[in-house]
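What follows is one structure encoded as structure tokens, with my remarks underneath.
Labels below follow one simple rule: chain letters A, B, ... track the order of the sequence lines, proteins then strands, and each chain is numbered from 1.
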Amino acid sequence: MKLRRDVFQAIADPTRRTIITLVALQAMTPTAIAENFDSSRQTISKHIQILTECEILEQEQKGREIYYQLNPKGMKEIAEFIDPFRKMWDDRFNRLEAVMKKHQSKK
Amino acid sequence: MEQKTKVNAEDGKQEILITREFELPLALLFKAYVEPEIVEQWMGTKVLKLESKKHGSYQFETTDTKGNKYGFNGVIHEFKPNQKIIRTFEMENMPFGVQLEVLEFEELTEDSSKLQKKVIYESVSHRDENLKLPFVQGINIAHNRLQEITRKFKIATYDNDKEK
């Protein structure tokens, strides 16, 4: 089985979150991404590598340059991880509503 | 069916906001948080103690299908009937920290009301751990089911081998 990094650990880092926001606007080369940070080029490359391994970013070769852009698959996973939490509360509140409606009609 | 409950968890913040509108008069919605036997019904937990007053405390206990018991407790800091409850919440013997809950109850019409629950965690990572919990549990349940199926399969093949 392929060992994959934790998506949520990937987005827990503020630099990586900034990279996601930058790339969300337009596909960028690693050099263009690194220009937005004070950190070394290597540090930023490492962050990009982690985001790519987590399938949050994907590469696209355009001529001689490699561009990074958002990978819709990885982003979808992030958007949906909160769903089970929401569902848990929705189920609980639905139960509350049902219990109280019964309680109300008894009187 | 559309989910009526909204959860807002902003990136990098240590709080979440849960909002829900109920087809219930305000007084009935509030009662669901106060009466121990009603809390037991919708929360699916045993209420060991529930003192609905300022400086009161509460203790819940939930038993899972395997008979394992889980304790929850907290202290009530503010109690304004039909308006507001501020309380802490803690899962006993779990590394999820203590959270502060601010519950605001609001009347919309005679027959409808709104609950806004703001939960503040000790840190951003505590919040993210808590948010991920049902997600992780979901994965674990799926994983356990898979293990159960493979285990049965193994036993079945073992029995077949014995019969040979």
Side-chain angles (χ1 to χ4, degrees), chain A residues 1-25 36-37 47 50-51 54-57 70 73-107, chain B residues 1-13 16-35 37-45 111-117 119 123-142:
Chain A
M1 198 178 82
K2 198 178 112 191
L3 237 173
R4 210 164 70 92
R5 284 174 189 269
D6 184 343
V7 177
F8 310 112
Q9 201 183 323
I11 57 164
D13 182 273
T15 306
R16 288 199 282 273
R17 279 206 299 271
T18 312
I19 296 174
I20 296 171
T21 336
L22 285 169
V23 176
L25 297 173
N36 292 279
F37 299 92
H47 285 309
I50 292 169
L51 288 170
C54 294
E55 298 180 333
I56 293 171
L57 296 189
L70 288 188
K73 191 173 154 262
M75 293 310 288
K76 194 165 174 275
E77 194 175 335
I78 296 168
E80 282 171 0
F81 92 95
I82 203 176
D83 260 14
F85 182 89
R86 193 198 340 263
K87 192 179 180 311
M88 177 185 81
W89 278 103
D90 203 50
D91 291 347
R92 238 176 235 177
F93 286 146
N94 285 341
R95 220 149 53 218
L96 185 158
E97 205 166 56
V99 165
M100 293 322 279
K101 274 187 177 162
K102 225 196 263 172
H103 187 81
Q104 188 180 24
S105 60
K106 259 196 271 177
K107 277 194 271 181
Chain B
M1 199 181 80
E2 195 206 344
Q3 295 195 337
K4 291 177 176 176
T5 309
K6 289 187 175 69
V7 173
N8 189 4
E10 267 182 59
D11 214 12
K13 283 201 173 181
I16 53 169
L17 194 65
I18 305 170
T19 43
R20 162 83 183 216
E21 286 178 14
F22 292 89
E23 290 162 32
L24 293 170
L26 173 66
L28 268 180
L29 171 62
F30 193 79
K31 201 175 178 182
Y33 274 85
V34 178
E35 299 279 332
E37 55 278 20
I38 294 172
V39 173
E40 285 191 338
Q41 286 180 52
W42 72 268
M43 285 279 292
T45 189
D111 302 310
S112 65
S113 50
K114 186 178 157 186
L115 170 69
Q116 198 177 71
K117 179 178 175 177
V119 187
S123 66
V124 176
S125 61
H126 274 104
R127 183 200 72 167
D128 292 347
E129 285 301 313
N130 273 282
L131 265 180
K132 271 189 272 172
L133 211 54
F135 176 82
V136 174
Q137 279 164 346
I139 290 172
N140 284 342
I141 291 167

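Heavy atoms only, all atoms of each residue included: B:Gly12 and A:Arg17 are closest at CA-NH2, 4.0 Å. Taking every heavy atom of both residues into account, A:Glu97 and B:Phe22 meet most closely at OE2-CA, 3.1 Å.
With a 4.5 Å cut-off on side-chain heavy atoms, A:Arg95 and B:Gln41 do not count as touching.
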Margin query: One pair to check against side chain to side chain contact (heavy atoms under 4.5 Å, CB included): A:Asn94 and B:Arg20. What are the steps and the verdict?
Written below: CA-CA 10 Å; A:Asn94 285 341; B:Arg20 162 83 183 216; 2.9 Å; yes
Margin query: One pair to check against side chain to side chain contact (heavy atoms under 4.5 Å, CB included): B:Lys31 and A:His103. What are the steps and the verdict?
Written below: CA-CA 10 Å; B:Lys31 201 175 178 182; A:His103 187 81; 3.0 Å; yes
Next item on the list: Report the C-alpha distance between A:Met100 and B:Leu29 in whole Å, list the side-chain angles of each, state the deciding distance to 0.1 Å, and finish with yes or no for side chain to side chain contact (heavy atoms under 4.5 Å, CB included).
Entry: CA-CA 7 Å; A:Met100 293 322 279; B:Leu29 171 62; over 6 Å; no
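Atoms CE and OG1, on A:Met88 and B:Thr5 in that order, are 10.5 Å from each other to the nearest 0.5 Å. Taking NZ of B:Lys117 as the reference point, atom CH2 of A:Trp89 lies at 3.0 Å (rounded to 0.5 Å). Atom CG of B:Leu28 sits about 9.5 Å away from atom CG of A:Leu96, to the nearest 0.5 Å. Here the straight-line distance linking atom CG of B:Leu24 with atom CZ of A:Phe93 works out to 11.5 Å at 0.5 Å rounding. The structure places CD of A:Gln104 at 11.0 Å from CD of B:Glu23, a figure rounded to the nearest 0.5 Å.
Contact count against chain A (heavy-atom pairs under 4.5 Å) is highest for B:Val7 among B:Ile16, B:Val7, B:Asn130.
For B:Glu129, no part lies near chain A; criterion is any non-hydrogen pair under 4.5 Å.
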